[in-house]
*Asks:* 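Below is a structure I'd like to ask you about.
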2 protein chains.
Amino acid sequence: MRISTKAQYAVRAMVSLSLHGEGKPLALHDIATREAISLAYLEQLFVKLRRGRIVKSVRGPGGGYVLARPAVEIRVDEIIDSVEESLVPVSCMDDKGRCVCGDQCVSHAVWQGLGERVRQFLSSITLADLTRDAANKARTVLSDEC
Amino acid sequence: MRISTKAQYAVRAMVSLSLHGEGKPLALHDIATREAISLAYLEQLFVKLRRGRIVKSVRGPGGGYVLARPAVEIRVDEIIDSVEESLVPVSCMDDKGRCVCGDQCVSHAVWQGLGERVRQFLSSITLADLTRDAANKARTVLSDEC
DNA sequence: AGCATACCCGAGTAAAACTGTCAATTAATT
DNA sequence: AATTAATTGACAGTTTTACTCGGGTATGCT
Ligand code: FES
Ligand code: FES
């Protein structure tokens, strides 16, 4: 029941982009050094974030990435979806709780309910929420472990 | 964000035990054939379930496993804990939300909140709930995919 | 006692998933 | 033209998962 580090990196990177970008394109190089994530790996992530219509790319010198929408409209579950981590807890079930077995297996309701809670919680948090928190924390301590 | 099949098997096996055991020891062989799970694998699971004080073993001929407590007192999260799957979504955090970074990382609150929801939901369901559902379903259809 | 049943346990393994790197390319700016 | 920086696909190392195998140990029955 772990979230992949890929998804964790994606969230962190998005907060960093939202916090330090401010409308202007921010190069991955900046995020990479600030968050101590390998540039090559970030590239991989941002391709997916772009395809998920969460960021837009600006090529050439002075280029980088910009949020595709205001931070208030970007939910955490969207970020995780983009990097291709499923939020459904079992592989036999799709996003809407439909299963290969209908709903006949004994634990169907457990996994379906669990998936719904996870989705509900992660969709209740926006990038703007995280960015605000990060700005407050930055005043006191600087720590970038996770 | 997937639950391991190990945990899924554990839940299914426990429902099967609770449903067909009725006080008497039920041999793993029975569960294995009924649920189409390999006996060797089930043995591995039940050692852990026993150490988690969820079942008791009865050795010798006519032996098997019995619930260690009434089904109403066995929660689904306990079953999953026993087979050693963590319900905390990130590896840097323990059960109580304590982190290597205090609570300084930007997404700390996200993962902590997520872990709490998962725990809360899975601890709200008991083996008795699942057994009752299974008994109802058995009347209409028989399907054991999951 | 001897035998069959059924739990007990550690080691080992093949496949899959995860994490991350590399090299080569395209596009825009100066 | 030179430089910056995103774009892309392929690929390798490591870890985790999902099992199997082989031999033990306790118990009850005849
Ligand atoms: S087939 Fe697995 S829960 Fe329905
Ligand atoms: S160290 Fe990872 S969330 Fe705190």
*Asks:* Send over the distance from B:I3 CD1 to D:dT17 C1', rounded to a whole Å.
*Replies:*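 Answer to the nearest Å: 14 Å.
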
*Asks:* Does a salt bridge link B:D94 with B:K96, judged by any charged N lying under 4.0 Å from a carboxylate O?
*Replies:* no

*Asks:* side-chain hydrogen bond (donor to acceptor under 3.5 Å, both in side chains): which pairs involve residues 45-57 of chain A, sequence neighbours left out?
*Replies:*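 For residues 45-57 of chain A: A:K48-A:E84.
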
*Asks:* Rounded to the nearest Å, what distance is computed from the CD atom of residue A:E43 to the C1' atom of nucleotide D:dC11?
*Replies:*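 It works out to 16 Å between those atoms.
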
*Asks:* How about A:H29: does its NE2 atom have over 12 heavy atoms from other parts shown lying under 6.0 Å from it?
*Replies:*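 At most 12 heavy atoms, drawn from other residues, nucleotides or ligands, come within 6.0 Å of this atom.
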
*Asks:* Are any side-chain N or O atoms of A:S107 and backbone N or O atoms of A:V110, one a donor and one an acceptor, separated by less than 3.5 Å?
*Replies:*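 No, because the side chain of A:S107 does not come within donor-acceptor range (under 3.5 Å) of the backbone of A:V110.
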
*Asks:* Can you classify the ring geometry of B:F46 versus B:Y65 as parallel (below 30°), tilted (30 to 60°) or perpendicular (above 60°)?
*Replies:*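 Rings of B:F46 and B:Y65: tilted, as their planes differ by 30° to 60°.
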
*Asks:* Using side-chain heavy atoms (C-beta onward) and a distance below 4.5 Å, is B:M1 in contact with B:L114?
*Replies:* yes

*Asks:* What is the distance, rounded to the nearest whole Å, between atom CG of B:L42 and atom C1' of D:dC21?
*Replies:*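 Value for this atom pair: 16 Å.
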
*Asks:* On DNA chain C, compare the nucleotides closest to B:H29 and A:A7; which residue's is nearer the 5' end?
*Replies:*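 By nearest-heavy-atom nucleotide position, the 5'-most residue is B:H29.
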
*Asks:* Report the residue from B:I80, B:D95, B:V88 that forms a side-chain contact (heavy atoms from CB on, under 4.5 Å) with B:R119.
*Replies:*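 Of B:I80, B:D95, B:V88, side-chain contact (heavy atoms from CB on, under 4.5 Å) with B:R119 is met by B:D95 alone.
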
*Asks:* Could you give the NZ-to-C1' distance, from A:K48 to D:dT7, as a whole number of Å?
*Replies:*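 Atom NZ in A:K48 sits about 14 Å away from atom C1' in D:dT7.
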
*Asks:* At under 4.0 Å between heavy atoms, what does B:R2 touch on the DNA or RNA strands: base, sugar-phosphate, or nothing?
*Replies:*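 Here B:R2 touches no strand at all.
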
*Asks:* Evaluate the side-chain proximity of B:D133 to A:V106: yes if any heavy-atom separation is below 4.5 Å, no if none is.
*Replies:*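 Of all side-chain heavy-atom pairs linking B:D133 with A:V106, none is under 4.5 Å.
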
*Asks:* Between C1' on D:dT8 and CG on A:L49, what's the gap in Å once rounded to a whole number?
*Replies:* 16 Å

*Asks:* Mind calculating the distance between CG (A:D30) and C1' (D:dA6) to the nearest angstrom?
*Replies:*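 Taking CG of A:D30 and C1' of D:dA6, I get 14 Å after rounding.
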
*Asks:* Taking 4.0 Å as the cut-off, does a side-chain nitrogen or oxygen of B:S38 come that near to OP1 or OP2 on D:dT20?
*Replies:*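 True: B:S38 side-chain N/O within range (under 4.0 Å) of D:dT20 OP1/OP2.
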
*Asks:* CZ of A:R51 versus C1' of D:dA6: gap in Å, rounded?
*Replies:*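 Distance, rounded to whole Å: 13 Å.
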
*Asks:* Reading DNA chain C 5' to 3', which nucleotide is the first, and which the last, to come under 4.0 Å of any heavy atom in chain A?
*Replies:*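 Listed 5' to 3', the contact boundaries are C:dT19 to C:dT29.
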
*Asks:* Given D:dA18, D:dA26, D:dT3, which nucleotide is nearest the side-chain atoms of B:S4?
*Replies:*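 Selected nucleotide (nearest to the side chain): D:dA18.
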
*Asks:* Pick base, sugar-phosphate or nothing for B:Y65, based on heavy-atom distances below 4.0 Å to the nucleic acid.
*Replies:* sugar-phosphate

*Asks:* Nearest heavy atom decides the nucleotide; on that basis, is A:R50 or B:T5 closer to the 5' end of DNA chain D?
*Replies:*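 The answer here is A:R50.
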
*Asks:* Any idea which heavy atoms bring A:A10 and A:L45 closest together, and the distance?
*Replies:*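 Minimum heavy-atom contact is N-CD1, 4.1 Å.
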
*Asks:* Judged by each residue's nearest nucleotide on DNA chain C, which is more toward the 5′ side, A:Q44 or B:G63?
*Replies:*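 Nearer the 5' end of the strand: B:G63.
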
*Asks:* Could you tell me the separation between the NZ atom of A:K6 and the P atom of D:dT15, rounded to a whole number of Å?
*Replies:*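 The answer, rounded to whole Å, is 18 Å.
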
*Asks:* Which residues within residues 14-21 of chain B lie with some heavy atom under 4.0 Å of an atom in DNA chain D?
*Replies:*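 DNA chain D contact set from residues 14-21 of chain B: none.
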
*Asks:* If you assign B:Y41 and A:G62 each to the DNA chain D nucleotide with the nearest heavy atom, which residue ends up on the more 5' nucleotide?
*Replies:* A:G62

*Asks:* Report yes or no: does A:E78 contribute a side-chain atom to a donor-acceptor pair with the main-chain N or O of A:R75 at less than 3.5 Å?
*Replies:* yes

